[in-house]
Amino acid sequence: MPLIKMQDVESSQIHSIGHDPETNTLAVRFTKGYGANRGPGSLYHYSNFTAADFEAFKGAESLGKHFGGYIKAFPAQFPYRKIAEEQQAA
């Protein structure tokens with residue numbers, strides 16, 4: 001399993017994203033909680049995700065809508081697996 005550098009994003013659904021071009025793996029850490037209790041949630045890896053796919057995702061006006069319409073909707077094209085539960089505070 002590759003260690004993928006994550007970058008925080010502005011999204012109500014997604015906390016951070018990352019990509020490993022060597023393995024074509026997309027990493028998505030979802031947001032958990034609301035308001036003051038909001039923070040990093042579970043981490044998933046999506047396979048077959050090219051660098052071009054990642055650039056389109058990063059550049060989307062709404063990451064949540066892009067994720068739902070172009071990634072989550074196609075599990076056969078982008079198989080995924082849960083990597084970790086919510087991130088613990090350091």
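Just so you know, these numbers use all the heavy atoms, side chains as well, and skip hydrogens, waters and symmetry mates.
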> Are L26 and M6 linked, directly or through other ILVMFWY residues, by side chains that come within less than 4.5 angstrom of each other?
Replying inline: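 As far as the 4.5 Å side-chain criterion goes, M6 and L26 are not connected within one cluster.
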> Do the side chains of I83 and I71 join up, straight or via other hydrophobic residues, at under 4.5 Å, putting them in one cluster?
Replying inline: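 No, I83 does not connect to I71 through the hydrophobic network.
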> Okay, side chain of T31, backbone of H15: is any donor-acceptor separation there less than 3.5 Å?
Replying inline: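 At least one qualifying donor-acceptor pair exists.
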>> Test your reading of the model: is there a side-chain donor-acceptor pair from N48 to the backbone of Q77, 3.5 Å cut-off?
In response: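 Checking the backbone N and O of Q77 against the side chain of N48, a donor-acceptor pair under 3.5 Å is found.
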>> For A73 versus G69, what's the shortest heavy-atom pair and its separation?
In response: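 The pair with the smallest heavy-atom distance is CB-O, 3.9 Å.
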>> Using the rule given for side chain to side chain contact (heavy atoms under 4.5 Å, CB included), can you reason through S16 versus R29, listing the C-alpha separation, both sets of side-chain angles and the distance that settles it, and then say yes or no?
In response: CA-CA 5 Å; S16 51; R29 185 172 297 280; 3.4 Å; yes
> Parallel, tilted or perpendicular: which fits the ring planes of Y44 and Y46, with parallel below 30° and perpendicular above 60°?
Replying inline: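 Ring orientation, 0 to 90° scale: tilted.
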Measure the [atom1]-[atom2] distance between [X] and [Y] for me, rounded to the nearest 0.5 Å.
{"X": "H19", "Y": "T50", "atom1": "NE2", "atom2": "OG1", "answer": "6.0 Å"}
{"X": "S11", "Y": "F30", "atom1": "OG", "atom2": "CZ", "answer": "9.0 Å"}
{"X": "K72", "Y": "Q13", "atom1": "NZ", "atom2": "CD", "answer": "8.0 Å"}

> When you look at OH of Y80, are more than 12 heavy atoms from neighbouring residues, nucleotides or ligands closer to it than 6.0 Å?
Replying inline: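 No, the 6.0 Å shell around OH holds no more than 12 heavy atoms from other groups.
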>> Tell me if the CD atom of E22 is crowded by more than 12 foreign heavy atoms within 6.0 Å.
In response: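 At most 12 heavy atoms, drawn from other residues, nucleotides or ligands, come within 6.0 Å of this atom.
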> Given the rule in the ring-ring contact (aromatic ring centres under 6.0 Å, His included) test, do F78 and F67 qualify, once you have shown the distances and angles that lead to the verdict?
Replying inline: CA-CA 11 Å; F78 304 117; F67 176 79; 9.7 Å; no
>> Does V28 form a side chain to side chain contact (heavy atoms under 4.5 Å, CB included) with L43? I'd like the steps, not just the answer.
In response: CA-CA 6 Å; V28 178; L43 174 66; 5.9 Å; no
>> Test side chain to side chain contact (heavy atoms under 4.5 Å, CB included) on I4 and H45; report intermediate values, then the result.
In response: CA-CA 10 Å; I4 300 174; H45 281 182; 3.8 Å; yes
> Between N24 and F54, is a side chain to side chain contact (heavy atoms under 4.5 Å, CB included) present by the stated rule, with each step listed?
Replying inline: CA-CA 9 Å; N24 281 339; F54 186 62; over 6 Å; no
>> I want to check something: taking the side chain as every heavy atom from C-beta on, are F49 and T23 in contact at a cut-off of under 4.5 Å?
In response: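 The answer is no; the side chains never approach within 4.5 Å.
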>> Run the salt bridge (charged side-chain N to carboxylate O under 4.0 Å, His left out) test against K82 and tell me which residues pass, sequence neighbours left out.
In response: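 E85.
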